[in-house]
Amino acid sequence: NIPTVWLLEGLVYYLQSSDVVDMMKKIGDLSAKGSAVFHDSITASYVAAGIAPGGAPFVSGSDDYGKLWREHAGFNRSFVRDFNTIRVDR
C-alpha cells in the first residue's frame with residue numbers, strides 16, 4: 001500500500017514492444033496508488049530510422065507512452081518532456 005517510484009533509465013527502448021507491455025503490466029500490478037514511473041524513451045520514427053547509439057540499435061518506441069501506461073498499468077497521469085523545448089544558457 002506504499003507508493004513506489006520506478007526509474008527505468010536506459011531500458012525501455014532496448015526491449016521488444018511485447019516485453020514493454022509485459023513490464024508495464026507487472027509494474028502496474030506491483031504499484032500502490034500514488035506510485036510514479038520515470039523513463040526516457042524514443043518515438044517510433046527513431047526505431048524506424050535504425051538509430052543505434054554506440055552500435056546498440058533501438059528496439060522499440062512509441063508516440064504515446066502515456067496511453068500505454070494507462071492501458072497496461074493503470075497510471076492515469078503522464079507528463080512528457082520534449083527535449084526540443086529545453087534550452088541551456090551557458
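All residue numbers refer to positions in the sequence shown, counting from 1.
Taking a 4.5 Å side-chain heavy-atom cut-off between Ile, Leu, Val, Met, Phe, Trp and Tyr, the cluster of L30 extends to W6, L8, L11, V12, L15, V20, M23, M24, I27, V37, Y65, L68, W69, F75.
Interatomic distance, NZ of K33 versus CG of N1, reported as 12.0 Å (0.5 Å rounding). Rounding to the nearest 0.5 Å places NZ of K25 at 10.0 Å from CD of E71.
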Quiz prompt | Residue pair D40, Y13: steps toward the side-chain contact (heavy atoms from CB on, under 4.5 Å) verdict | solution = CA-CA 8 Å; D40 46 358; Y13 38 75; 3.0 Å; yes
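Of all non-hydrogen atoms in P3 and S35, the two that sit nearest each other are CA-OG, 3.5 Å. Scanning all heavy atoms of the two residues, the minimum distance from P53 to Y14 falls at CG-OH, 4.1 Å.
With sequence neighbours excluded, the residues that form a side-chain contact (heavy atoms from CB on, under 4.5 Å) with S17 are S60.
Legend: side-chain hydrogen bond (donor to acceptor under 3.5 Å, both in side chains) pairs involving residues 42-58, not counting sequence neighbours, sorted by first then second residue: T43-S45.
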